[in-house]
Amino acid sequence: MEADFYRFAKQFVLSDKVLESAILDGWNEKKVFNGMNLYFHPRLKISTFESLNRTWMLLGDIFDPECESASNEEILQELDCKIAHSSNSFIELEEQLFRLSGRWLLFVKFNNELRAYPDASGLKPLYYVKNGDDSFVLASQPALLESLGFCCKHDIDVQSFLKLPHGRSWPVGYVPYSENVTQLQANHYLKIPQLESKRFWPVHSIENIPLSVASQKMNQILKGTIKAISHRYDCTLSLSGGYDSRLLFSCVLDIKDRFQYFTTISDYSPDNDIEIPKLIAREYGLRHQFTKKDLDSTQESILTILENNVGGLYHDRSVRNLFAFKQAIQNTVHLPGSVSEISRCYYSPYGKRLLPLSGKRVAAISGFKGNHFAEAAFSKWIESLPKNLGIEPLDLLYWEHRLGVWSATGLTYREGLIDQIPPMNNREYMTLALSVDMKHRLLPHNLIRNIIGGNDPKLLSWLFNGKKMQFFDSMPKIKYIKERIIGRLFS
C-alpha cells in the first residue's frame with residue numbers, strides 16, 4: 001500500500017513562509033501571489049489565469065450550467081472579462097459566482113487585495129492559523145495543520161463529540177483544535193493576509209417564487225450542471241429508493257447512456273433501496289450493478305489513513321461501504337445527492353419553528369444535545385446572524401453547519417479514494433429552493449416531485465423510501481402545530 005497516495009490526498013497548504021516537513025515530501029510546491037508558498041498533494045487539481053492587475057487560482061472543479069463545455073480556465077477567463085470594467089470588482093465577482101456549480105475554492109487577487117471564496121456550501125474547506133510572529137498558514141484541514149506543528153487537537157472537546165450517538169464532526173464556528181485555528185464558513189470570504197472573514201451572503205431577503213417557476217429553473221440548473229460535469233468526466237450515479245437519487249436520475253434522462261449506475265448493498269440497506277433500483281434499471285435499460293464488499297486488512301488500513309486525514313472527526317456508517325463504491329465507480333466521478341436536503345427542510349421537518357432559537361436548542365436539533373462546546377458555538381453563530389437575514393435560520397443552519405462542516409469533512413475524507421462532485425452545490429439552485437413556500441418543501445416534498453414529474457411522470461409511480469403517503473404526511477401543518485404545543489410544554 002502506498003500510504004502517501006492516500007495521506008492528506010488532494011489537500012493543500014498556503015503560507016507566507018517556507019515550510020519544511022516530511023509531511024510535504026512528494027508534494028508539489030509553487031510560488032503564488034507575489035511570494036506566497038503553495039504546497040499541494042499531486043492529485044489536487046489546480047487551475048490558474050492571469051490578466052492585467054488580476055490573478056486567479058482555483059482548487060477543484062467549477063462548472064457553468066449554461067456552458068457545458070467550459071473548462072476551469074475558460075470559466076476563470078470569463079469571470080475576469082465580466083468584472084474587468086466593474087466599479088466594484090469583488091461585488092461583481094460575488095454576483096457572478098452565484099450561478100456557478102462545483103466543488104472548489106477560489107483565490108483571487110485584484111490589484112493588491114487577495115481573497116478566498118468557497119463554493120456555494122463550502123464543500124472545499126479552508127482553515128487558517130495566524131502565528132505569533134504574524135505569519136499565517138492556510139490549509140484544507142486542521143489535521144494537516146496539526147501534522148505540520150501549527151496547532152493541536154483539544155482531546156477533551158474531541159472526546160465529548162465522540163460520545164454523541166450520532167457523530168457530526170464539530171459545530172459551525174468552532175474547531176476542536178488550538179484557539180488560533182479558524183474555519184472559513186460557507187457564505188463568507190477570507191481577506192488575506194489579514195485573515196479577516198466576512199459574510200457576503202445572504203445580503204437581502206429572498207424573493208418568494210411560485211412553485212412552478214422555481215422548480216423549472218432548478219431543473220435547468222441541475223441539468224446544465226450534470227451535463228457540464230459529464231462533459232468533463234466519465235460519471236456514475238447511485239440509485240436508491242430515496243428522493244435525491246430519483247431527482248438526479250430524472251435530470252439525466254436525455255443523456256442517460258453517458259452514465260453507469262450502481263447500488264451499494266450494506267447490512268442496513270432497506271428492501272426498497274434494492275427493489276426500486278431494480279425496477280428503474282429494468283424500465284430504462286440501464287447499465288446497473290449491485291456492489292457489496294467486505295474489507296480486508298489493507299482496506300481497513302486505508303480507511304484509517306482517510307480517517308486521520310480529517311482528524312478522526314468524521315463519523316458516518318456509509319464509509320464502511322467506500323470500497324464497494326470504489327468497485328462501482330472505478331476512475332469515474334460519482335454525482336452524490338448531498339446538498340439536496342436543503343430543499344426538504346432537513347432541520348425543520350414540520351415547518352417554521354416559532355420558538356426562539358438558542359444555542360441549546362440548535363445543538364439538540366443538529367445532533368449535539370447536551371454538549372456544552374456545541375451549545376456555546378451555536379450561541380455565537382446565532383448572535384453573528386444579520387438582523388435582516390431574509391431566510392429561515394434553520395435553513396441557514398443546515399447550509400452552514402450540516403453542509404459547510406459535516407458534508408465538507410465527509411467529502412474530504414472520501415476524496416482520498418473516490419471522486420465526488422455534488423451537482424446541487426450551486427448557490428442559485430439552493431436559493432431557489434428556499435424561495436418556495438415552505439409547505440412545498442415539507443412532506444410530500446412537492447418541490448422535488450415537481451422537478452421529477454416534469455422530467456418523467458413515470459418516476460413518481462414508485463414509492464419513495466418504501467413508504468406510502470400517510471394522511472398526516474400531506475398535512476404537515478398539523479405536525480407543526482403539535483410540535484409547537486409540545487415545545488411550549490417542555491421548553
Side-chain angles (χ1 to χ4, degrees), residues 1-12 22-27 40-45 60 103 123-125 140-144 146-147 153 158 161-162 164-169 233-240 242 245 259-270 273-274 277 287-338 406-422:
M1 177 186 68
E2 290 289 339
D4 289 343
F5 184 81
Y6 301 102
R7 185 178 294 115
F8 297 120
K10 302 179 186 175
Q11 297 201 37
F12 75 94
I23 295 294
L24 304 177
D25 287 350
W27 283 33
F40 57 100
H41 189 274
R43 294 164 58 201
L44 175 62
K45 185 172 185 178
R103 180 171 178 254
L123 297 184
K124 195 77 171 173
S140 42
Q141 279 293 307
L144 177 53
E146 182 181 37
S147 296
K153 196 182 297 178
V158 170
F161 294 143
L162 296 180
L164 295 168
H166 301 289
R168 290 292 181 265
S169 300
Y233 299 110
D234 293 331
C235 294
T236 52
L237 280 180
S238 48
L239 299 180
S240 71
S245 71
F259 295 79
Q260 298 184 50
Y261 306 86
F262 73 99
T263 300
T264 297
I265 301 175
S266 62
D267 295 338
Y268 53 84
S269 295
D273 274 353
I274 298 174
R287 294 175 294 169
H288 176 264
Q289 63 174 309
F290 286 95
T291 61
K292 183 176 183 180
K293 193 168 182 62
D294 296 325
L295 299 175
D296 59 32
S297 59
T298 299
Q299 292 165 343
E300 290 279 8
S301 298
I302 292 172
L303 288 186
T304 298
I305 294 174
L306 301 185
E307 182 178 352
N308 291 335
N309 286 351
V310 294
L313 281 165
Y314 177 74
H315 301 278
D316 187 333
R317 61 184 180 178
S318 69
V319 299
R320 303 295 298 174
N321 300 324
L322 203 50
F323 280 92
F325 264 64
K326 180 63 176 177
Q327 179 181 331
I329 294 170
Q330 297 296 321
N331 295 319
T332 66
V333 172
H334 174 236
L335 308 187
S338 49
W406 187 75
S407 291
T409 306
L411 286 164
T412 304
Y413 179 114
R414 291 179 176 88
E415 71 181 348
L417 188 65
I418 62 175
D419 292 311
Q420 293 182 301
I421 301 175

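For the numbers below, each heavy atom of this structure counts, side chains included, while hydrogens, waters and symmetry mates do not. One is the number of the first residue; the rest follow in order along the sequence.
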Between CG on residue D4 and CZ on residue R43, distance to nearest 0.5 Å: 11.5 Å

Partners meeting side chain to side chain donor-acceptor pair (under 3.5 Å) with S147 (sequence neighbours left out): none

Could you check if a side-chain atom of Y413 sits within less than 4.5 angstrom of a side-chain atom of L322, using non-hydrogen atoms only? yes

Do Q330 and Q260 come within less than 4.5 Å of each other through their side chains, counting heavy atoms only? no

Suppose we screen for salt bridge (Lys or Arg N to Asp or Glu O under 4.0 Å). Which residues come up paired with E415, at least two apart in sequence or across chains? R103, K124

Does D294 CG have over 12 foreign heavy atoms under 6.0 Å away? no

Rounded to the nearest 0.5 Å, how far does OG of S318 lie from CZ of R414? 4.0 Å

Which heavy atom of H288 sits nearest to which heavy atom of P277, and what is that distance? NE2-CB, 3.9 Å

Name all residues meeting the salt bridge (Lys or Arg N to Asp or Glu O under 4.0 Å) criterion together with K10; count only those two or more places apart in sequence or in a different chain, and write none if there are none. D419

Let's go through T304 and S301 carefully: what are the C-alpha distance in whole Å and the side-chain angles of both, what is the deciding distance for side chain to side chain donor-acceptor pair (under 3.5 Å) to 0.1 Å, and is it a yes or a no? CA-CA 5 Å; T304 298; S301 298; 5.9 Å; no

Here the pair of heavy atoms bringing T412 nearest to A408 is OG1-O, 2.9 Å

S245: partners by side chain to side chain donor-acceptor pair (under 3.5 Å), with sequence neighbours left out: S240

Residue list, side-chain contact (heavy atoms from CB on, under 4.5 Å) with R320, at least two apart or on another chain: L295, E300, L303

Nearest 0.5 angstrom please: Y261 OH to C235 SG, how far? 10.0 Å

Kindly compute the distance separating OH (Y314) from CD (E307), expressed to the nearest 0.5 Å. 11.5 Å

Kindly give the heavy-atom pair with the smallest separation between N309 and A143, and that separation in Å. O-CB, 3.6 Å

Holding to side-chain contact (heavy atoms from CB on, under 4.5 Å), I want the full list of residues that pass it with T332, two or more places apart in sequence or in another chain. D234, T236, I329

Could you pull out all residues at least two apart from S338 that satisfy side-chain contact (heavy atoms from CB on, under 4.5 Å)? P336, P422

Not counting sequence neighbours, which residues clear ring-ring contact (aromatic ring centres under 6.0 Å, His included) with F8? List them please. none

Smallest heavy-atom separation, S407 atom then L123 atom, equals CB-CD2, 4.0 Å

Set of side-chain contact (heavy atoms from CB on, under 4.5 Å) partners for K326, sequence neighbours left out: N331, L417, I418

Residues two or more places apart in sequence or in another chain: which of them pass salt bridge (Lys or Arg N to Asp or Glu O under 4.0 Å) with D267? K292

Using side-chain heavy atoms (C-beta onward) and a distance below 4.5 Å, is I302 in contact with F323? yes

So P125 and T409, do their side chains get closer than 4.5 Å, heavy atoms only? no

Point-to-point distance, once rounded to the nearest 0.5 Å, from CZ of R7 to CD1 of I23: 6.5 Å

Residues in ring-ring contact (aromatic ring centres under 6.0 Å, His included) contact with F5, at least two apart in sequence or another chain: none

Any donor-acceptor pair under 3.5 Å linking the side chain of T263 with the backbone of I274? no

For F325, what residues pass the ring-ring contact (aromatic ring centres under 6.0 Å, His included) criterion, not counting sequence neighbours? F262, H334

Side chain to side chain donor-acceptor pair (under 3.5 Å) for Y268 and N321? Distances and angles first, verdict last. CA-CA 11 Å; Y268 53 84; N321 300 324; 3.2 Å; yes

Out of curiosity, H41 NE2 to L24 CG, how far, rounded to the nearest 0.5 Å? 11.0 Å

